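A short write-up of the structure that comes next.
Because the structure is a prediction, the values reported are computed rather than measured. All values below come from the heavy atoms of this structure, side chains included, with hydrogens, waters and symmetry mates left out.
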Amino acid sequence: MSVNIAVVILGYLSGSIASALLISRLLGLEDPRGKGSGNPGATNMLRLYGKKAAVLTLAGDVLKGLLPVLLAVLLGLPPAIIALTGLAAFTGHLYPVFFGFRGGKGVATLVGILFGTHWLAGLVFCGTWLLTAAISRYSSLSSLLASALSPLYVWLILEEPAYIYAFGLMAVLLFWRHRDNIRNLMNGTEGKLGVRSKE
């Protein structure tokens, strides 16, 4: 029982590491939460500071979801604990204890959690995101569609109820954090990929 609790807590603490803020400080850049969309994530980093900052941020956000879930899997913990660990890491990214509970929107961390749960789930998510982005040029729309389908992907691959509930809740939280993007998409004012912010 203590191992289960410790891994779930580790998941939250791992998720609470704000990659965008750490990368910004290491590269001598301004806090991304005060510029562009205000989101400390890879897309905003790309628009503000270019590919290098975005790739490093993306890698950090994926790893902080992947590693605690992968640890839970390697320890042979029950599916419910693995699912809770992923949910904890995702929640940590959205509401990081180390950064005043002001976090990102969770897409890259969700990708890491999916790959940690099952590599095929992560791969299909990325395929959905890339296809939607290629057609629409909207990062937010790609993230919303891929996350909405993630519970279905996990169900088809693993058929484990605990994962369905966890990824379903993560999708709901991700939609909530993207509410401004959804409004912008509906109004036709959402920024497209490849358009760098002037701020």
**OP:** Mind checking the CE-CG spacing from Met45 to Leu48? Nearest 0.5 Å is all I need.
**Re:** 8.0 Å
Subject >> Residues which pass side chain to side chain donor-acceptor pair (under 3.5 Å) with Thr57, listed by chain and number, not counting sequence neighbours >> reply: none
Anything under 3.5 Å between a donor and an acceptor, one on a side chain of residues 101-110, the other on a protein residue two or more places apart or in another chain? List them.
| residue | atom | partner | partner atom | Å |
| --- | --- | --- | --- | --- |
| Lys105 | NZ | Asn181 | OD1 | 2.4 |
| Thr109 | OG1 | Asp61 | O | 3.2 |
| Thr109 | OG1 | His93 | ND1 | 3.4 |

Original post:
Could you give all pairs that pass the side chain to side chain donor-acceptor pair (under 3.5 Å) test and reach residues 151-175, with sequence neighbours left out?
Top reply: Thr128-Tyr153
**OP:** Write down the atom of Pro32, the atom of Ser24, and the distance for their closest heavy-atom approach.
**Re:** CD-OG, 3.4 Å
**OP:** Give a yes or no on whether the backbone of Ala89 and the side-chain of Ser14 come within a donor-acceptor separation of less than 3.5 Å.
**Re:** no
Original post:
So, Ser16 side chain and Pro96 main chain: donor-acceptor pair closer than 3.5 Å or not?
Top reply: no
Original post:
Hey, any chance Val172 and Leu152 share a hydrophobic cluster, counting ILVMFWY side chains that come within less than 4.5 Å of each other, even indirectly?
Top reply: no
Original post:
Hey, is the main chain of Ser147 close enough, under 3.5 Å, to the side chain of Ser150 for a donor-acceptor pair?
Top reply: yes
Original post:
How far does CZ of Phe125 sit from CG of Leu145, to the nearest 0.5 angstrom?
Top reply: 9.0 Å
Subject >> Same apolar cluster: Val55 and Ile17, side chain cutoff 4.5 Å >> reply: no
Original post:
Does NZ or CZ of Arg177 fall inside the cone over Phe90's six-membered ring, less than 6.0 Å from its centre and within 45° of the axis?
Top reply: no
Original post:
With clusters built from Ile, Leu, Val, Met, Phe, Trp and Tyr whose side-chain heavy atoms come within less than 4.5 Å, directly or transitively, what are the remaining members of the cluster of Ile135, listed by chain and number?
Top reply: Leu131
Original post:
Would you say the side-chain atoms of Asn184 pair up with the backbone N or O of Asp180, donor to acceptor, closer than 3.5 Å?
Top reply: yes
Subject >> Side chains of Tyr49 and Ile23 in contact at under 4.5 Å (non-hydrogen atoms) >> reply: no
Original post:
Just checking, any donor-acceptor pair under 3.5 angstrom between side chains of Glu190 and Ser140?
Top reply: yes
**OP:** Could you pull out all residues at least two apart from Ala72 that satisfy side chain to side chain contact (heavy atoms under 4.5 Å, CB included)?
**Re:** Val7, Leu77, Ile82, Thr85
**OP:** Answer yes or no: is there a donor N or O on one side and an acceptor on the other, between the side chain of Lys192 and the main chain of Tyr138, under 3.5 Å?
**Re:** no
Original post:
Counting only N and O atoms by type, is there a donor-acceptor contact under 3.5 Å from the side chain of Thr91 to the main-chain atoms of Leu87?
Top reply: yes
**OP:** Could you tell me which residues satisfy salt bridge (Lys or Arg N to Asp or Glu O under 4.0 Å) with Arg33, sequence neighbours excluded, listed by chain and number?
**Re:** Asp31
